[in-house]
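Remarks on the structure that follows.
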Amino acid sequence: TYIVTDNCIKCKYMDCIEVCPVDCFYEGENMLVIHPDECIDCGVCEPECPADAIKPDTEPGLDKWLQINTEYASKWPNITSKKEPPEDAKAFDGVDGKFEKYFS
Ligand code: SF4
Ligand code: F3S
């Protein structure tokens, strides 16, 4: 499966939604997650993310994010069409500590 990681927080560009063939993105206030059981591993969303936030869960060190995607995909609503990204998305690209401060 692919999962959404830290740098999506407060960037939330949502280009990923438009390319996913199975609509498996779920929306929190400041980020999206992927439902790991619905993702068909096609990989098309990974290069579409301007924040480079989408990764295959086979990359080392992503256990925490696999758990977060799994948990919140069942709590947050499904999102199938792109909305306007936050106006200050660029300012948050690459900022450290976003999970601690802004995860929602
Ligand atoms: Fe959707 Fe494919 Fe990305 Fe999985 S890898 S979230 S199926 S676009
Ligand atoms: Fe987030 Fe990238 Fe999608 S910033 S909303 S994973 S395009």
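Both counts, for ligands and for their atoms, begin at 1 and track the order of listing. Note that the structure is predicted; figures quoted are calculated from it, not measured. All values below were derived from every heavy atom in this structure, side-chain atoms included, with hydrogens, water molecules and symmetry-related copies excluded.
For a distance bound of 2.8 Å, the N, O or S atoms of Cys8 include none lying that close to atom 3 (Fe) of ligand 2. Within the coordination shell of atom 1 (Fe) of ligand 2, defined by N, O or S atoms under 2.8 Å, Cys49 is absent.
Taking every heavy atom of Val22 and a limit of under 4.0 angstrom, the matching atoms of ligand 1 come to 7 (S). Atoms of ligand 2 lying under 4.0 Å from any heavy atom of Leu32, numbered from 1 in the order shown and given with element: 5 (S). Applying the 4.0 Å criterion to heavy atoms of Pro21 picks out, from ligand 1, the atoms 8 (S). Atoms of ligand 1 lying under 4.0 Å from at least one heavy atom of Ile34, given by number and element, are 6 (S). Those atoms of ligand 2 that come under 4.0 Å of a heavy atom in Cys16, given as number and element, are 3 (Fe), 5 (S), 6 (S), 7 (S). Atoms of ligand 1 found under 4.0 Å from any heavy atom of Val44, numbered from 1 in the order shown, are 8 (S). Distances below 4.0 Å separate heavy atoms of Asp15 from the following atoms of ligand 2: 7 (S). For ligand 1, the atoms closer than 4.0 angstrom to any heavy atom of Cys24 are 1 (Fe), 6 (S). Near Gly43, with a cut-off below 4.0 Å to any heavy atom, the atoms of ligand 1 are 2 (Fe), 5 (S).
Looking at Lys98, its side chain never comes within 3.5 Å of a backbone N or O of Phe103 through a donor-acceptor pair. Side chain of Asn69 to main chain of Ile34: a donor-acceptor pair is present (N/O by atom type, distance under 3.5 Å, no hydrogens or angles).
Pairing each heavy atom of Val33 with each of Tyr72, the nearest pair is CG2-C, 3.9 Å.
Checking Asp93 against Asn7 by side-chain atom types alone, a donor-acceptor pair falls below 3.5 Å. Side chain to side chain, Asn30 and Ser104 meet the donor-acceptor criterion of an N or O pair below 3.5 Å.
The SG atom of Cys24 lies 10.5 Å from the CG atom of Leu32; values are rounded to the nearest 0.5 Å. Taking SG of Cys8 as the start and CZ of Phe25 as the end, the distance is 8.5 Å to the nearest 0.5 Å.
Counting heavy atoms from C-beta outward, Asp63 and Gln67 have side chains that stay 4.5 Å or more apart. Side-chain atoms of Tyr13 and Lys90, non-hydrogen and from C-beta on, do get closer than 4.5 Å to each other. A 4.5 Å side-chain heavy-atom check between Leu62 and Lys55 finds at least one atom pair inside the cut-off.
Counting only heavy atoms of the protein, atom 4 (Fe) of ligand 1 lies nearest to Cys39 SG, 2.3 Å. Remark: minimum distance from atom 5 (S) of ligand 2 to any protein heavy atom is reached at Met14 N, 3.2 Å. Nearest protein neighbour of atom 1 (Fe) of ligand 1, counting heavy atoms only, is Cys20 SG, 2.4 Å. The shortest contact between atom 3 (Fe) of ligand 1 and any protein heavy atom is with Cys45 SG, 2.2 Å. Closest to atom 7 (S) of ligand 1 among all protein heavy atoms lies Ile40 N, 3.4 Å. Scanning the protein heavy atoms around atom 4 (S) of ligand 2, the nearest turns out to be Tyr13 N, 3.5 Å. Nearest protein heavy-atom contact of atom 2 (Fe) of ligand 1 is Cys42 SG, 2.2 Å.
Looking at Ile54 against ligand 2, only its side chain comes within 4.0 Å, counting heavy atoms.
Salt-bridge formation is detected for the pair Lys83/Glu27: a Lys NZ or Arg NE/NH1/NH2 atom is positioned less than 4.0 Å from an Asp or Glu carboxylate oxygen. Between Lys82 and Asp15, at least one side-chain N (NZ, or NE/NH1/NH2) sits under 4.0 Å from a carboxylate O, which counts as a salt bridge.
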